[in-house]
2 protein chains.
Amino acid sequence: MSGVGGAAVGAAGVGDGNGGGRSIRLLVADDEHLIRGALVALLNLEPDIEVVATAENGLVAVEQAIETRPDVCLLDLEMPEADGIEAATRILQAVPTRVVIVTRHARPGVLRRALATKVSGFVPKSTPAEELAHVIRDVAAGRRYVDPEIAATALTAERCPLTDRELDALRHSRSTMSVQQIAERLHLAPGTVRNYLSSAMTKLDAASRHEAAEKAWEQGWI
Amino acid sequence: MSGVGGAAVGAAGVGDGNGGGRSIRLLVADDEHLIRGALVALLNLEPDIEVVATAENGLVAVEQAIETRPDVCLLDLEMPEADGIEAATRILQAVPTRVVIVTRHARPGVLRRALATKVSGFVPKSTPAEELAHVIRDVAAGRRYVDPEIAATALTAERCPLTDRELDALRHSRSTMSVQQIAERLHLAPGTVRNYLSSAMTKLDAASRHEAAEKAWEQGWI
DNA sequence: CTCGGACGGTGACAAATGTCACTGCTCTAC
DNA sequence: GTAGAGCAGTGACATTTGTCACCGTCCGAG
């Protein structure tokens, strides 16, 4: 991988035959200031990419996208206020642009949801840095890019067998909440919640609702 | 993988305009390839910093540190094989260098443990990107830097009130394990584990062992 | 030496949790 | 129009939990 920085720059130089072509205008959104800054530094090294906006959460990302109308939006999945998928949905219905989602935990279900919102690119943070610029160029050119690893997992992984209410109950089981509290939150009888949870546990082959919630989360279902 | 270093050195050449002054030789360790690459790009922009090695986990970081003897090691806390603290300990007893720990979740207890291993710097990932270079320069010059926010929290937060065995039991409670399983793992009677857990829950004012484990983790005690 | 604290354990008890069976209601698909 | 699925609920039941009281041992500080 010797080419980490160098190769990327070099390749960009080569591909820079867009003689006088205008560069790709990019928005970068990530809640961690350090990472955001580092990504900006990395991508600004590319001669054909220009970071025109940054955002530290999903809502700001939407505002910035509307204001600056970038060619491509690079959105972290895990953000406060509005996560990457939510932000992507709003951005795509407001301005003509393309979206690349970056994520730490690449879960198959999340990929499915992302693609459903017409996202153009999906890459995990384990992607080599030099790859990212390629992906952005591909996406800017109208192509799509999905990490092959995740795509394969998503194709083999079976679709979610849980009903909506089971998912509701599981969602609340990720935090430390009693059945009572979940029932109140969902405006249901405690017994009903227990039934949903029990059924979900059976479907997911889990010994406790916490384990079931964990498994569902790993699959990206909640 | 040593090719990584090569690339980094190459890229360093770009910003090499440090008129004569010897630059700071840096090691960067982070398990997420993308972040690692971005940090390298960011820091290589600084004329007086030169990234001489990179690592994707704690063990590789130790090897690389011994091989390249950098002035400063930038270690992510959350890494496989050996986490940042563990890597820092081994590096500091093997070579004369300084260590800066970077972390996503800045928990007071972790800071305490980090400082106990003679780490020189401690910054959360919410730090502005521009700050990082300052910190590295400070540390290279022999000064120490601790994020003021975390320092304040660590000073006000009281020390861990839990006993060793309570912590053992809590550690296993973070995953979805039954009391039985924890007891087996710890070679204890189930009742004993329940007692430890119960006592920990009282001390932490938690309603379930999961909540207690969560609270203990947030404090950096486990 | 003795007191306190950590450690390991037991037994009893109440509350929370998970399982099962069975009742309705409302849709949708065939 | 009726079978099936999702939804909401009840009641009974076994297990798992968390709580409490109490029993020892060992070790270090005073």
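The model shown is predicted, which means the values in this text are computed figures rather than measured ones. In what follows, every chain begins at residue 1, and chains take the letters A, B, ... in the order their sequences are listed.
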Checklist line | Gap between atoms CD and P, on A:Glu211 and C:dG18 respectively (whole Å) | finding: 11 Å

Notebook entry, point to check: Within a strict 4.5 Å, meaning less than it, do heavy atoms of the B:Leu188 and B:Arg165 side chains meet?
Noted result: yes

Notebook entry, point to check: Could you state the CZ-P distance from A:Arg194 to D:dG11, rounded to the nearest angstrom?
Noted result: 12 Å

Check: Would you call A:Asp76-A:Arg36 a salt bridge at under 4.0 Å N-O?
Finding: no

Notebook entry, point to check: Taking protein heavy atoms under 4.0 Å as touching, what does nucleotides 25-30 of chain D look like 5' to 3' if B marks base contact, S marks sugar-phosphate-only contact and - marks none?
Noted result: ------

Distances under 3.5 Å between nitrogen or oxygen atoms of protein and nucleotides 25-30 of chain C:
none

Next item on the list: Taking atom CD of A:Glu149 as the centre, report whether more than 12 heavy atoms of other residues, nucleotides or ligands fall under 6.0 Å from it.
Entry: no

Margin query: Is any side-chain heavy atom of B:Gln93 closer than 4.5 Å to one of B:Lys118?
Written below: no

Note to self: Check this for me, if you would: do B:Lys125 and B:Asp30 make a salt bridge, where the nitrogen-to-carboxylate-oxygen distance has to be below 4.0 angstrom?
What the structure shows: yes

Notebook entry, point to check: Does a nitrogen or oxygen in the side chain of A:Thr192 sit under 4.0 Å from OP1 or OP2 of D:dG9?
Noted result: yes

Next item on the list: Can you tell me the distance, in whole Å, between the CG atom of B:Leu186 and the C1' atom of C:dG9?
Entry: 14 Å

Margin query: Against B:Ile91, only a single residue in B:Thr117, B:Leu27, B:Ile66, B:Leu75 fulfils side chain to side chain contact (heavy atoms under 4.5 Å, CB included); can you say which?
Written below: B:Leu75

Next item on the list: Check whether any side-chain heavy atom of A:His210 sits under 4.5 Å from a side-chain heavy atom of A:Arg174, and report yes or no.
Entry: no

Item checked: Close side-chain approach of B:Phe122 to B:Thr103, heavy-atom, < 4.5 Å -> yes

Next item on the list: Determine to 10° how strongly the helix from C:dC1-D:dG30 to C:dC30-D:dG1 is bent, judged from the axes of its five-pair ends.
Entry: 30°

Next item on the list: Could you state the atom-to-atom distance from CD of B:Gln180 to C1' of D:dT16 in whole Å?
Entry: 8 Å

Check: Considering residues at least two apart in sequence or located in another chain, which fulfil the side-chain hydrogen bond (donor to acceptor under 3.5 Å, both in side chains) criterion with A:Arg194?
Finding: none

Identify each atom pair where a protein N or O and an N or O of nucleotides 20-24 of chain D are less than 3.5 Å apart, giving names and distance.
{"residue": "D:dC20", "atom": "N4", "partner": "B:Asn195", "partner atom": "OD1", "Å": "3.0"}

Next item on the list: In whole angstrom, give the distance that lies between atom CD of B:Gln181 and atom C1' of D:dT16.
Entry: 12 Å

Next item on the list: Indicate, with a heavy-atom threshold strictly under 4.0 Å, whether B:Arg165 touches base, sugar-phosphate, or nothing.
Entry: sugar-phosphate

Margin query: Would you say that A:His33 contacts B:Glu131 through its side chain, given a criterion of any heavy-atom pair below 4.5 Å between the two side chains?
Written below: no

Notebook entry, point to check: Are A:Tyr145 and A:Val100 side-chain neighbours, meaning at least one heavy-atom pair lies under 4.5 Å?
Noted result: no

Notebook entry, point to check: Rounded to the Å, how far apart are A:Arg209 CZ and D:dT17 P?
Noted result: 11 Å

Check: Side-chain N or O of B:Tyr196 less than 4.0 angstrom from OP1 or OP2 on C:dG8?
Finding: yes

Next item on the list: Write down the atom of B:Ile182, the atom of B:Arg209, and the distance for their closest heavy-atom approach.
Entry: CD1-NH1, 4.0 Å

Note to self: Please give me the minimum heavy-atom distance between B:Pro124 and A:Leu34, naming the atom from each residue.
What the structure shows: O-CD2, 4.5 Å

Note to self: Output the rounded distance in Å from NE2 (B:His187) to C1' (C:dG9).
What the structure shows: 17 Å

Notebook entry, point to check: Heavy atoms, side chains only, cut-off 4.5 Å: are A:Leu170 and A:Lys215 in contact?
Noted result: no

Item checked: d(CG, A:Leu197; C1', C:dT19) in whole Å -> 12 Å

Checklist line | Proximity to DNA chain C (any heavy atom under 4.0 Å), residues of residues 167-179 of chain A only | finding: A:Ser178, A:Val179

Checklist line | Nearest non-hydrogen partners of A:Ala133 and A:Glu46, listed with the distance | finding: CB-CD, 3.6 Å

Check: If you count the non-hydrogen atoms of other residues, nucleotides and ligands that lie under 6.0 Å from CZ in A:Arg104, is the total more than 12?
Finding: yes

Note to self: Considering every strand and a 4.0 Å limit on heavy-atom distances, what is the contact class for B:Thr163: base, sugar-phosphate, or nothing?
What the structure shows: sugar-phosphate

Check: The side chain of B:Met201 lies closest to which of these nucleotides: D:dA8, C:dT19, D:dG18?
Finding: D:dG18

Notebook entry, point to check: Is any side-chain heavy atom of A:Trp217 less than 4.5 Å from a side-chain heavy atom of A:Ser173?
Noted result: no

